[in-house]
Each structure stands twice: as structure tokens, then as C-alpha cells.
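Residues: numbered from 1 along the sequence shown.
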Amino acid sequence: MFLSVFDLYKIGIGPSSSHTMGPMTAAARFLDEVKNGDWPRYRDAKVRRLSASLHGSLAFTGVGHATDRAVVFGLCGLLPSTIDPDEMSSIDKWVRESKRVAPPGHPEYVFDPDLDLVMDRKTALPGHANGMAFEARDGDDRLLLRRVYYSIGGGFVLSEDELNSSKDGKSHESETKVPFPFASADEMLLMAHSSGLSIADMKRANEEVFMSSEELNRGLDAIWHAMTSCIDRGLTQEGIMPGGLKVRRRARSLFERLNDDTKRNLLNPLVANDWLSVYAIAVNEENAAGGRVVTAPTNGAAGVVPAVLRYYMHFHDDADDKGVHNFLLASAAIGGIIKHKASISGAEVGCQGEVGSASAMAAAGLAAVMGGTSQQIENAAEIALEHHLGMTCDPIAGLVQVPCIERNALGAVKAVTAASLAIKGDGTHFVPLDACIETMRQTGRDMNERYKETSLGGLAVNVVEC
């Protein structure tokens, strides 16, 4: 089993990898099929109109997660990794006023979001909670092409056929042979022991099957640059976040207060936790505002790993670029196992799969750069994940704001605590990481759908919207 570090850490836009980045990518994939398709039943037909329907969690929380705009952008031929956040409003306005999309390399198509984009809350698609269907019709309203896609978390998108193949045991993940194909934490530890390599070194060896060491390092640097740039921008912004909850940004004021305390040499025993929190909050406020973030492994949990990595650079005297690389590689090894064995999708297993997975990844990465053994790194990930088990995904008004932003701050604090506890031990512990991941999977399976990113339960219905 191989999942690249660049699959887990994708640069894109907020507020949701499942609800924004995934549907945008699916819409762009559909355009490719429209462009390359032929219609044997209607030989001379030409596509004139496009339409889409969103189902399950995408329908229930799609407006709050900006899924409707994501579909618009995707049908304009735009991708999460390259779209300019500053141009999104004007693009959306043009489509809604003209009732057209004009993707590069295509003719203009009729697409009226008010009519051709349906939030279908009654019909669930069978493959996954985040399902969507796209259709292309000709001028006589004849159906030329219909495709179903599923956004399975972290920006990953599978077609209906791909999802069915994965359920039949044919994984969509890379089948290229790598030197350390661990699919579980137990296999990872056995391979580390037999090879004498660290988890980060094994992950690096796997990645270098597909690229040179220099290319890998440049890619890791780009991920870290995007993460730290997101933190920096979040620390300068203020005002009310979009969506109607009137939640005010607070990262800037917290940052200024922390800096002021530092200048005054005020004793603060919780200073590390405070910095962790402000870094995570800065990222997730940017995410909530639709800014550029890195899935880590999802947008809803995008603040945890950057906060812990920035904490490492801030508080560890020996922090350097190699440490950043090893942090990202070790954390990606853990994230790949979690995704392979369970899920990172809030719509599938709740927030334990998002913030819980992110906290486990960050704990593993920090333990690695603190000199932890493979057993200590695995222990750190287990501690962090274990203490997120059962966490629901219940965003108020379907927005990735409350409780999501603060959950990232606490997930970062838990990650650092988990790494510290693990490093102070010898790696021996009672609950294996694999058992914890399986528990998360089972808990998510048993969790009521109201608590899995539908905004039909929990805080989403018990807090009065003002």
C-alpha cells in the first residue's frame, strides 16, 4: 500500500477538502469526459447544457461548505491547487449572471446554478455519504453523458467504477512496487526493525521510486511554505468570517497579545499551548474564509499539523529544513495507514477521522524530529488518536467554523502532549495504533448519520443561530 505525501498534503482552497476541493476536482474530471466523449446513440449531438446534483452530506451542508461555488469553479475548468482566491467572487458572479460556463478548450455551456445545481437531500447515492452526479445534455435536452463521483475525504475523488473496484479489493492507490509497502502500523514497525531505517527514511525511500530526492525536497518545501504562509496571513486578518454566524476572527488579536506579553517578559506557563492555539486558529480562520490552505489530511483539520510544525520551528533550537522534511514524511506515513485502514472523512466517521487523524499525524511527526524511535512515534500517534475517538462532526449551520476552529487548536495541543508522553517512555504501550484505528472505523460505522457532517445533530441543532 502506497499513498504519497503529496496525496495527503494537497494545496488548495477552503473551507472543506470533501465539500469544496473534492467537488471542484470531480467537476473538472467530468469536463474531461465531456470533451473526449462520443455519443453513439446521437452521433451528431453536441453538448449544450450541464447540470449537477449533490447528495448526502454534500447536500445537507453544501451551502455552508461552499460546495455550490466549488461545482461552479470546477465546471469553469478551474482546479483547487491553482485557482486564485481573490478572483473567485467575480467568477461566481459572472456564471450566475450569464448562466453560462466557459471552461478553456470548450465551447460555452448553459449552466444556471439556480436550476442546474440541485441539493438533493432526499436521495442518497449508495457509494459514500459525499456523492454527486453530473449530466451533459444536448440542445434537445437529450442525455448524452451522466457520471457519478464520490468525494471520500482529503480532496480524494473516485468515480462510481473506481469506488466499486476499491470495494472489491482493487485499491485506487498506487500499485507501483515500493521498497517498504506497509499497510498497517505493525508492518511499519516490523519493516523499520528489519531495515534499521526510521519511519521517515522508509517513507522517503518509497517516495523516491516516483521522483528524485531533489524533487521530493522541493515538494516538501512547497508544502511547508504554503502552510506557514497560511499561518502568517491568518495572523494579519481580522473582521467577520462569511456565512452568517457572525463569528469574528481572533487570531490577530491573540497573536498581538502574545507578542505583547513576550515584550513585557510576563511569566506564562502555558505559552507553548497559547502559540499552538493561535497558529491553528490562524489556519482555520483562513480555511473558513475560503483562503489557500493545505489539506492535513483534510481542510477541516488543516490547522493541526501546521501549528505543531510551526511550534517545532519556534521552540526547538535544533529545528531545520531536514527536520521539516522528516516531520512531514513521518506524519504522512501515519496518515496513509489511517486512510487505508479506516477513513479521514468527517462524513464517513465523524471528526475523529479529521482532527483525530491530524493530531495523530502531527504527534508522529513531532516525535520523529524529537529523536523518537519507531515504537515511540507509533505510540505518539496512538495516544493522540485514542483521545479523539467518538468525536462527532456537527458544524453549526454547515460552516467550518464552530466548533471546527477551536478543535484544531486542541488537536494541536493533544499532539504535542502525546509526542512528549511517548518520548518519555520506551515505546512500550498497551493499545497498538492498529487497534485504535480499527476502533475509530467501527465507531464511525456505528455513529448516527446526524453526527457525521450533516448538521442535523449535536451542536448544530442545540445552539441557537443568531
Side-chain angles (χ1 to χ4, degrees), residues 1-5 7-8 152-154 156 166-167 169 171-174 178-195 197-203 206 297-298 301 304-305 329-346 348-368 372-391 411 414-415 417-419 421-423 425-447:
M1 189 281 297
F2 175 77
L3 193 66
S4 173
V5 63
D7 290 326
L8 285 163
I152 63 171
F156 291 92
S166 69
K167 289 181 177 179
S171 175
H172 64 281
E173 295 158 0
S174 173
V178 293
F180 303 102
F182 49 84
S184 68
D186 185 55
E187 290 179 358
M188 178 184 71
L189 292 176
L190 288 173
M191 290 181 190
H193 177 73
S194 62
S195 68
L197 296 176
S198 69
I199 292 171
D201 286 339
M202 290 193 300
K203 184 64 175 168
N206 287 346
T298 66
V304 179
V305 169
L329 290 166
S331 63
I334 298 301
I337 292 170
I338 294 173
K339 185 182 181 301
H340 179 71
K341 303 292 285 187
S343 175
I344 57 173
S345 168
E348 197 167 23
V349 296
C351 200
Q352 58 176 351
E354 296 205 30
V355 172
S357 296
S359 188
M361 292 167 63
L366 184 59
T373 65
S374 297
Q375 291 82 2
Q376 289 170 323
I377 293 168
E378 185 258 3
N379 187 198
E382 188 280 325
I383 294 171
L385 182 60
E386 180 181 334
H387 298 290
H388 285 88
L389 290 177
M391 181 176 280
K414 286 184 182 181
T417 303
L421 283 172
I423 289 293
D426 62 2
T428 303
H429 55 288
F430 191 78
V431 179
L433 176 57
D434 286 331
C436 192
I437 294 172
E438 174 59 17
T439 301
M440 184 184 80
R441 188 192 69 80
Q442 293 178 9
T443 302
R445 180 193 61 195
D446 296 339
M447 190 181 290

Please step through side chain to side chain donor-acceptor pair (under 3.5 Å) for the pair D426 and T428, ending with a clear verdict. CA-CA 6 Å; D426 62 2; T428 303; 3.1 Å; yes
Does S198 form a side chain to side chain donor-acceptor pair (under 3.5 Å) with D201? I'd like the steps, not just the answer. CA-CA 5 Å; S198 69; D201 286 339; 3.2 Å; yes
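The backbone N or O of G356 lies less than 3.5 Å from no partner atom in the side chain of S359, so there is not a single donor-acceptor pair. Panel note: side chain K203, backbone A332; no donor-acceptor pair is recorded below 3.5 Å. With hydrogens and angles disregarded, a donor-acceptor distance shorter than 3.5 Å links the side chain of D434 to the backbone of A185. In this structure a side-chain-to-backbone donor-acceptor pair under 3.5 Å is present from N206 to F180. Put simply, the side chain of D446 never gets that close to the backbone of T443: no donor and acceptor are under 3.5 Å apart. Under a 3.5 Å cut-off, the side chain of E348 and the backbone N or O of S343 do not form any donor-acceptor pair.
Rounding to the nearest 0.5 Å gives a distance of 10.5 Å between NE2 of H193 and OG of S374. In this structure, the separation between CD on Q352 and CD1 on I338 is 10.5 Å, given to the nearest 0.5 Å. To the nearest 0.5 Å, atom CE of residue M361 and atom CD1 of residue I337 are 11.0 Å apart. The distance from the CD1 atom of I377 to the OG atom of S331 is 10.5 Å, given to the nearest 0.5 Å. Taking CZ from R445 and CE from M440, the interatomic distance works out to 13.0 Å, rounded to the nearest 0.5 Å. Of the inter-residue distances, the one linking C436 atom SG with K341 atom NZ reads 13.5 Å to the nearest 0.5 angstrom.
Annotation: cation-pi pair K339/F156 present, NZ/CZ under 6.0 Å from the ring centroid and within 45° of its normal.
When each of E378, Q376, E386 is checked for a side-chain contact (heavy atoms from CB on, under 4.5 Å) with H429, only E378 meets the rule.
Here the closest heavy-atom approach between residue A364 and residue A381 is recorded as CB-CB, 4.2 Å.
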